[in-house]
Amino acid sequence: MSNNISLTRYLVEQQRIDGHIPSQLRLLLEVVARACKGISQAVNKGALGGVLGTAGSENVQGEVQKKLDIIANEVLIEANEWGGHLAAMASEEMDSIYSIPNRYPQGEYLLLFDPLDGSSNIDVNVSIGTIFSVLKKPEGQESVEEKDFLQAGNKQVAAGYCVYGPQTTLVLTVGDGVAMFTLDREQGSFVLTEENVQIPADTKEFAINMSNMRHWDEPVKRYIDECLQGKEGPRGKDFNMRWIASMVADVHRILTRGGVFMYPWDKREPEKAGKLRLMYEANPMSWLIEQAGGAATNGKERILDIQPTKLHERVSVMLGSKNEVERVTAYHAKPN
Ligand code: P6P
């Protein structure tokens, strides 16, 4: 028998063996995966599908929306609203939450997503992706409000992303390690290609946007400066640098071979905690990284312990190989 384990079989076995994937959550994950297949198709069409370029609008972040940002958002909404597994959804591309219309049954889960992360890379054919996070709605509540989404990342029941690159790969955790599924376009299904993913505790590769160096806080400047000093410096080894400007692609590399990713607070907009969004970028990615043996902090505390106060809250992010994240976090504790 083929050892090709489909996403469906993986989830059924996780549900049957470990029992920690209730049927509604299994349905949710399968629906999200199917939506990601649809987004992958649209992304792969590129110019041939007339989907490149901007949509002529801005999102709640004040960022110019690409046509594919809006297409991906609509695909996820339409795929998930009828299934009876959700109470509401939240998206980087929507100012407020999307409650499931009364014509559909309500479920017990909340789905949050960045429908197309890294969209500045769309028009230049560089990997982009969909990031998603799943929470449970508060017990015994009929309707759901925005405040019901404001749960710390340690309350997630599932998290993942789908990277649209040379392969389309779905990466998922339900709290029992990290599994990777590659899209078999001939079968039209996601096939298990990696499970129990583990990130090396050490690395020689960092990912940060170096053009912001003059704006960083001292601890980050110290950490990067030591990496740049290489063998002759205090780290005693040379480092390599990567920056794809697509968090999904940078995190996928780190899950695959280790590394440290940083988008720290900087002086450009001091009132903002960082550029990346807590609820649907940092939280799902941080859980995946921790489930793979890595670490994720905002320089001061574990990202998954941060209690959100706003749906589109931003956060400073340092995540990846455990020893590197612990080092840069320690520098924040002892800035001198
Ligand atoms: P910069 C993409 O817009 C994103 O939110 C992340 O995916 C990515 O890591 C970061 O912003 C890139 O930001 O300032 O380097 O363009």
Side-chain angles (χ1 to χ4, degrees), residues 36 39 43 52-55 57-73 90-94 112-133 159-165 169 171 205-217 220 224 241-256 259-270 272-289 294 296-299 303 310-320 325 328:
C36 289
I39 295 168
V43 166
L52 300 184
T54 60
S57 53
E58 282 190 356
N59 65 17
V60 63
Q61 332 285 345
E63 295 166 338
V64 172
Q65 288 179 306
K66 301 281 190 172
K67 287 178 192 165
L68 272 171
D69 283 324
I70 293 175
I71 292 168
N73 194 62
S91 165
E92 180 188 73
E93 301 305 331
M94 300 188 296
L112 303 92
F113 47 82
D114 179 355
L116 206 57
D117 174 68
S119 48
S120 63
N121 283 320
I122 294 173
D123 297 353
V124 294
N125 201 12
V126 170
S127 298
I128 49 184
T130 297
I131 309 172
F132 62 91
S133 170
Y161 62 81
C162 192
V163 53
Y164 312 117
T169 303
V171 180
E205 198 161 64
F206 65 87
I208 195 167
N209 183 336
M210 291 294 288
S211 69
N212 300 327
M213 180 180 264
R214 65 191 182 284
H215 305 304
W216 297 336
D217 221 351
V220 173
I224 296 295
M241 195 209 97
R242 288 285 181 275
W243 188 249
I244 305 175
S246 184
M247 185 185 198
V248 170
D250 280 314
V251 167
H252 193 71
R253 184 190 59 253
I254 289 168
L255 281 171
T256 306
V260 59
F261 169 97
M262 299 200 291
Y263 211 115
W265 170 91
D266 70 43
K267 303 184 179 81
R268 287 176 296 171
E269 296 181 288
K272 288 181 182 170
K275 171 177 184 183
L276 302 181
R277 272 64 58 159
L278 174 62
M279 298 301 296
Y280 40 78
E281 289 177 334
N283 274 344
M285 292 310 206
S286 297
W287 198 25
L288 286 164
I289 291 289
T297 76
N298 64 356
I303 283 177
K310 292 194 300 261
L311 185 62
H312 299 291
E313 181 164 330
R314 294 168 184 265
V315 66
S316 176
V317 177
M318 290 148 219
L319 59 78
V325 175
V328 67

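For ligands, and for the atoms within them, numbers begin at 1 and follow the listed sequence.
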Exercise. Taking side-chain contact (heavy atoms from CB on, under 4.5 Å) as the test, write out the residues that go with His312, two or more places apart.
Key: Val60, Gln61, Tyr280
Self-check item: Amino acids contacting ligand 1, non-hydrogen cut-off under 4.0 Å
Solution: Asp117, Gly118, Asn209, Trp243, Ala245, Ser246, Met247, Phe261, Tyr263, Lys275, Leu276, Arg277, Glu281
Quiz prompt | Sequence-distant partners of Asn212, side-chain contact (heavy atoms from CB on, under 4.5 Å), two or more places apart | solution = Asn209, His215, Trp216, Tyr263, Asp266, Arg268
Quiz item: Got a sec, which residues hit side-chain contact (heavy atoms from CB on, under 4.5 Å) with Glu269, two or more places apart in sequence or on another chain?
Solution: Glu271, Lys272
Self-check item: Short N-O contact, Glu92 and Arg277, less than 4.0 angstrom
Solution: yes
Quiz item: Using a distance-only test with no angle check, is there a side-chain donor-acceptor pair under 3.5 angstrom linking Ser133 and Asn283?
Solution: no
Exercise. Output yes when a side-chain donor or acceptor of Asp114 lies under 3.5 Å from a complementary backbone atom of Phe132, and no otherwise.
Key: no
